[in-house]
Amino acid sequence: MPAMSLAGAMRPADPPGADSQVNRDLLRVMEGISPGYLLLLAATVLSVVAAGGVWIWQVYLGLGVGGYAHPIFWGVYIVTFVFWVGIAHAGTLISAILYLFRAKWRNAINRSAEAMTVFAVLTAAQFLGIHVGRIWKSYFILPYPNQRGLWVNFRSPLEWDTFAISTYATISIVFFFIGLLPDIAIARDRARGLRKLLYTALALGWQGTARQWKSHSRAVLHLSGLATPLVLSVHSVVSWDFAMSIVPGWHATIFAPYFVAGAIFSGFAMVLTVMIPVRRIYGLEAYITDYHFENMTRFLLLTSWIVGYAYGFEYFVAWYSGVEAEQTAFWLRAFGPYWFSTWTMVFCNVIAPQLFWFKRLRTHVPTIFVVSTLINIGMWFERYVIIITSLGREYDPAVWGIYTPTWAELTIFAGSFGFFAMLFLLFMKLFPVIAISEVKELVIHERAHSGEAH
Amino acid sequence: MPALVGIYDAPGPVAECARRLRGRGFTRLEIYAPAAFPELDTALDEKPSKVRIWTLIGGLLGVTTGYAMTIWMSYDWPVTIGGKPFASIPTYTIIGFELTILFGGLATLLGLLVVGRLPYGRFGKNDRAYSARFSAEEFGLVVECRERDVQEVDALLRDHQAKEVSLVEP
Amino acid sequence: MSGAYLDRANPRPLPLRGLIAAGALFAAGALCFLYGLVTNPAAAWRAFHVNHLYFAGIAQGGLLLACILTIVGARWAGPVRRIAESLAAWLPITFLLALVELAGARHIYPWIDEPLPWKIAWLNLPRLALTDLTIFAALALTGFFFLRASLRPALAGAQWPQGGFGERAAGWWLGGFGGSEAERAAALRTTRILAPIICLLFAFGYTLIGFDQVMSLSPTWFSNLFGGFFAWGCFLSSISVTALLSVLHRNSPGLAGQITPARLHDLGKMIFAFSIFWMYLFFSQYLVIWYGNLPEETSFFRDRLGTEFLMSTWYWEGWWSRIMDEPWVKVSLFAWLCVWVIPFWCLLGQRPKRSAAWLASVAAISAFGFWIERNVLVWPSLVPGDTWAFLGVVQVGTALGFLGAFSAVWLLTTRIFPTLPVPQSAE
């Protein structure tokens, strides 16, 4: 056989040393389960179970279990719904918009941000079910042919919400999966046993052929193009749940862009809050660097200013409008019974992030962690302020009221964090938290250009 | 037919070598890469990926569905709500928009699967030339050729900085 | 790499023919305006107002683009950044024009003659003059310091023909700047410090300008997004103008070979994406007002889009006549066509964005569309019934006068300040 004359003619085996540093570093996160991890997972599962129990109790007794009372029928559930939808925006922003802008610093964080998007949407969507009075009729919101011959009301913002949230959930899952595909194949080639079976099934036979990569890049590009306006639309639609009404403090044209900026702001803060401990525990300092923190915190500063801009001009135009109901609503926000929430919101969202003007603090991890956590708190309070103060102080002072969350609502609220954390913990052990193939793209590119090719 | 596998460290030489091979009439080529590189996109096939057509058709289908569904349903059982017209175009724009994205996105996924030929292979079985090295950091250029061309192809692969060349039996 | 330059400055002689044409245009425009002051002062001052806002937006938007490029450390733009910066030469003039305009304030702001008692605290002339002049002055000053720091390093290497006007101007601009590494690093630092400040000043300043100079023309109307919408229009119109000028001057000495298809592609992407965002802002504002249907809010849209786009309509029957017969609707829709519909459909996909002629045409349409848009924002508040009030010898003449003056300033700037060298980012 002529081929025998070729030097080293053998089937390309998988030599043990053929794996790359990047693979080893990043796949290691998925290996081994420490007691601390188990404890944390158990805690999150427990909080979800507790929330589930309370929810069943609420279904049995009715929404009075929560603090819902005249005139406030949108409480912590809706606040938390908006909060989680907001968190869900960072993933798409990082994956899609920064992809289109060719910002290289997205590479280390996009995977975990996409995962957070999916989990946050799933968490948020549950609150729509928790919030409605008769969960067994919730399918009425879908336009399906029925005996009564009725269709849904497409003029209702709540109906838009249904379409927006389910579209967002679907597209973010598709985006997440397409991004994961090459990485699942990496894991498949290295896993054994049950995991091997799972990854083989999920990888769909991905081998990284030229044809596959070509369609993959195209698909990512197109999905980014689609997801960018989608991310604007989703929180806009959520904001229109409020703005379409004529409740003072809700009926504002600025709501859509203001909510979108706030969502991106809170989503970025959440990515930082989650990734800082993960980076530390799994030793990912080489992959999530000062460069990433620098850019992330600059982005926080930018969005903080947009949010601050909206706060400011909301107040200004309420005063300028000369409409008494608007003026009163805004006065009471700052100096009424809920002044505490308002000033917490202003402090956390506008004042605290100003620390990031200083270059030293932009890469000082403890500061970033504290500020990003504050921002999460502040953004929850922002929604609380918008929803509760406006509903409690509508046009007629005779029907003004006060709302206090009950322990049932707070249990479910806490459970939502448990649910989100639980999904993220499971994700960390099942899939790579950093997009391996995208990191490799940079590594190989740099190697080729530094002339180090051997 | 036997196949030769060249192993590379960088995408540039792979693309160059593939073009040379195609120029010499070797068409049964395959490239394995650990990540996406634009230079490889045109190495085997210059035409832009057909995924774009899928997205376009999906999006157009979505916007049509969105407006048609909302308008038709509003007139099928007309109910005046809030004094708004039956066909409230501004609000139906939102549904039309969301469905554009939904259908466009799902069509893109479908396009990726169809154009990228996924799912690929029998369960758990890869191509004979595939190796886990290609999901590490190495590139593979696979050439299927007749026995008598093996020498020539081998030389070509090595000319373009292949660090190893090996032969895979059919 | 810090302080490394692509090339040395490449000064060009003054384009006399262009300058003469621009000067003639300006003179004709000034005559029309003066004629208007005598025969129809209201029309003259209102046209002045519209064009003042339009060109101020273009000048300010160019500076904003340069600041954003500085903040994100973008390297794609190359000399496009110089073209955007050169638009900002108009900024000091913006301040002077705002000052001049106070003479005709009575013809522009209806609340001067018929004050609204409950809004008198905000809608009064001294307050407006103070606020808006401060904003224009602050932006002109920060713009000046930014441009000084940004242009000096490039200017320091320029080889001037002996003793020309250009050399004297450049010498004055340089001051004692010698072009050493340390001086260049300091200049780069200055631009980095000023850039975010200018962005914030723009965002807050132009929002207030939008409220004061446009929204207050319908004194009872209010919308808290309006200021942002107005400011975004300024930015987008400036990007269109930058793209147009980049293409028109792609063969000028110093620019030849620099306006690559990749750069055009990026400019095209910006026009495309930002016009979508403009549409989004418009829709956000329109939808809330349409849905709420409160009379104090709908008035603004009724004056511009007629009843077709308001509460009682969106019915099939008679929509054409509602569009064609009601005042201003045609003009508004034409502006919308130029600002969003055409840029969106004509720049969809990769190929059209990379073609110079195609991109320039779309950019020109978009820039012209914004001129119409600015007219539609101002005139219907003042003359709701008269669709063609913005056209006429005085109005068009004033616009052409502005165009002539703006072009002359721009031509002078691009000749004094060389267009090519752009500092490579230090990183």
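Values in this document were obtained by computation on a predicted structure and should not be read as measured data. The figures that follow rest on heavy atoms only: side chains count, while hydrogens, waters and symmetry mates do not. We name chains A, B, ... by the order of the sequence lines, and we start the count at 1 in each one.
- Between the side chain of Gln207(A) and the main chain of Tyr130(B), no donor-acceptor pair closer than 3.5 Å is present.
- Although no hydrogens or angles enter the test, the distance criterion places no donor-acceptor pair under 3.5 Å between the side chain of Lys214(A) and the main chain of Leu44(B).
- Looking at Leu226(A), both its backbone and its side chain come within 4.5 Å of chain B, counting heavy atoms on both sides.
- Residues Arg447(A) and Asp9(B) approach most closely at NH2-O, 3.0 Å, considering heavy atoms.
- Only the side chain of Ile171(A) comes within less than 4.5 Å of a heavy atom of chain B; its backbone N, CA, C and O stay farther away.
- The two residues Leu230(A) and Glu98(B) make their nearest non-hydrogen contact at CD1-OE1, 3.3 Å.
- Looking only at heavy-atom pairs under 4.5 Å with chain A, the residue among Trp54(B), Phe139(B), Phe37(B) that has the most is Phe37(B).
- With hydrogens and angles ignored, the 3.5 Å screen pairs a side-chain donor or acceptor of Lys440(A) with a backbone N or O of Ala136(B).
- Of all residues in residues 145-152 of chain A, those placing a non-hydrogen atom less than 4.5 angstrom from a non-hydrogen atom of chain B are Arg148(A), Gly149(A), Leu150(A), Trp151(A).
- In terms of non-hydrogen atom pairs under 4.5 Å with chain B, the most contact-rich of Val174(A), Leu181(A), Thr162(A), Val237(A) is Val174(A).
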Please test Gln212(A) against Leu118(B) for side-chain contact (heavy atoms from CB on, under 4.5 Å), starting from the C-alpha separation and ending with a verdict. CA-CA 8 Å; Gln212(A) 285 170 349; Leu118(B) 294 165; 3.4 Å; yes
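- Using a 4.5 Å cut-off between heavy atoms, Pro229(A) contacts chain B through both its backbone and its side chain.
- Of the atoms belonging to Leu221(A), not a single heavy atom falls under 4.5 Å from chain B.
- For Arg218(A) (side chain) and Thr108(B) (main-chain N/O), no donor-acceptor pair under 3.5 Å exists by modelled atom type.
- Under the 3.5 Å distance criterion, the side-chain polar atoms of Arg155(A) are left unmatched by any main-chain donor or acceptor of Gly82(B).
- Only the side chain of Thr170(A) comes within contact range of chain B, judged by heavy atoms closer than 4.5 Å.
- Within the structure, every pair that satisfies the side-chain hydrogen bond (donor to acceptor under 3.5 Å, both in side chains) test and touches residues 175-184 of chain A, not counting sequence neighbours, is listed here: Arg111(A)-Asp183(A), Asp183(A)-Ser437(A).
- Using a 4.5 Å cut-off between heavy atoms, Ile81(B) contacts chain A through both its backbone and its side chain.
- Using a 4.5 Å cut-off between heavy atoms, Tyr32(B) touches chain A through backbone and side chain atoms alike.
- Of all heavy-atom pairs between Ser215(A) and Ser49(B), the closest is CA-OG, 3.9 Å.
- Of the atoms belonging to Trp206(A), heavy atoms from both backbone and side chain fall under 4.5 Å from chain B.
- Interface residue Val22(A): backbone and side-chain heavy atoms are both found under 4.5 Å from chain B.
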